[in-house]
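Every value quoted in this text rests on a predicted model; they were computed, and no experiment measured them. Chain identifiers are assigned alphabetically (A, B, ...) following the order of the sequence lines, protein sequences preceding nucleic acid strands; residue numbering begins at 1 within each chain.
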2 protein chains.
Amino acid sequence: MKKYFTIQQMAKTTGLTEYTLRYYERIGLVKFIARKDNGHRQYSSNDLQWIEFLMRLRATGMPIRDMQRFAELRYQGDKTVAKRKAMLIVHLEKVQQHINEWMKYKRVLIQKIEYYSNLKQKR
Amino acid sequence: MKKYFTIQQMAKTTGLTEYTLRYYERIGLVKFIARKDNGHRQYSSNDLQWIEFLMRLRATGMPIRDMQRFAELRYQGDKTVAKRKAMLIVHLEKVQQHINEWMKYKRVLIQKIEYYSNLKQKR
DNA sequence: CCTTGACTTAGAGTGCACTCTAAGTTGTAT
DNA sequence: ATACAACTTAGAGTGCACTCTAAGTCAAGG
């Protein structure tokens, strides 16, 4: 019992616009979306999962170019698993660095806020 | 014994380009940079600290518009401390949210990597 | 019949934050 | 003297990731 989605439903579910969904297809991030008799896209829940994964990669700052590379590998099938894994490991490291950086900046912010609080007490 | 920097030295120290340093002045993020007799900028270590703080705000995703607002308040002096503090508290919350989000995505990445590892073992 | 919601290609426009160029000036260093 | 490193204004260009428009087609539902 498979569930299918129209492009509009996908837009609503993912938060991407229909434009972006077509754009992602155009640039090869998403491929082989099933079509109804009338040519309308029929996204499967599998497609949804893939798009949501893409969204996470974007949200963690992966450039479109790299995502295209990743998608290309994915669509080549299981033989590229090692390469994809390697890409994700590299990306994970970047994500970790980013988190570290932001935590450092967070501390700076907290210090600044504390500094402002102390200033207030003095006057 | 004050230390002064030329724009070139500032560029090197901060990692910003000279263009960007002038641009930040143009849009009001940085003001009242001292000048030598010949009109050349003389950045003080105080200026450096301010610019480095601005860079941290940028690095943590604060839009230029908000930074302009913050800078404006700063240049209005101590009477705006409360407002600046409030801005930083709001920003801190965003930074925290962002860190949480990225940590969530990090876990997703780790799971995916593990999934790939398991796939490999099966073949 | 006509509105709705898809679809197509190709290309233009947007917003952000720079980044650079042009075309000139001025003062210091070799 | 000449090269160098600044400086100015004003505006153009860049790169990214969308976002939208034009101008048309097509098929089902009320």
- line: With sugar-phosphate taken as primed atoms, P, OP1 and OP2 and all else as base, the protein-contact string of nucleotides 18-30 of chain D at under 4.0 Å (heavy atoms; B, S, -) is BBBB-----S---

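Protein atom CD of A:E18 is 12 Å distant from nucleotide atom C1' of C:dT4, rounded to whole Å. Taking atom NZ of B:K36 as the reference point, atom C1' of D:dC4 lies 13 Å away to the nearest angstrom. Rounding to whole angstrom units, CD of residue B:Q42 and P of D:dA5 are separated by 18 Å. In this structure, A:D66 places its CG atom 11 Å from P of D:dC16, rounding to the nearest Å. Protein atom CZ of A:R35 is 18 Å distant from nucleotide atom P of C:dG5, rounded to whole Å. If you take CZ of B:R22 and C1' of D:dT9, they are 12 Å apart, rounded to a whole angstrom. Straight-line distance from the CE atom of A:M55 to the P atom of D:dA17: 15 Å, rounded to whole Å. Atoms CZ (A:F5) and C1' (C:dA6) sit 18 Å apart, rounded to a whole Å.
Residue B:Q8 has a polar side-chain atom (N or O) positioned under 4.0 Å from OP1 or OP2 of D:dA6. Contact annotation: B:R41 side-chain N/O to D:dC7 OP1/OP2 distance is under 4.0 Å.
Applying the ring-ring contact (aromatic ring centres under 6.0 Å, His included) criterion to A:H91, with sequence neighbours excluded, gives no partner residue. Residues forming a side chain to side chain donor-acceptor pair (under 3.5 Å) with A:Q76 (at least two apart in sequence, or on another chain): none. Residues satisfying the salt bridge (charged side-chain N to carboxylate O under 4.0 Å, His left out) test with A:R84, not counting sequence neighbours, are none.
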Could you pull out all donor-acceptor pairs under 3.5 Å where a side-chain atom in residues 27-36 of chain A meets a protein atom, sequence neighbours excluded?
unit_1: A:R35; atom_1: NH1; unit_2: A:G39; atom_2: O; d: 2.7

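The side chain to side chain donor-acceptor pair (under 3.5 Å) pairs that include a residue from residues 46-56 of chain A are A:S44-A:D47, A:W50-A:Y75, where partners are two or more places apart or lie in different chains.
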field: A:I99/B:K106 under side-chain contact (heavy atoms from CB on, under 4.5 Å): CA gap, chis, key distance, verdict
entry: CA-CA 9 Å; A:I99 291 171; B:K106 187 187 140 185; 4.0 Å; yes

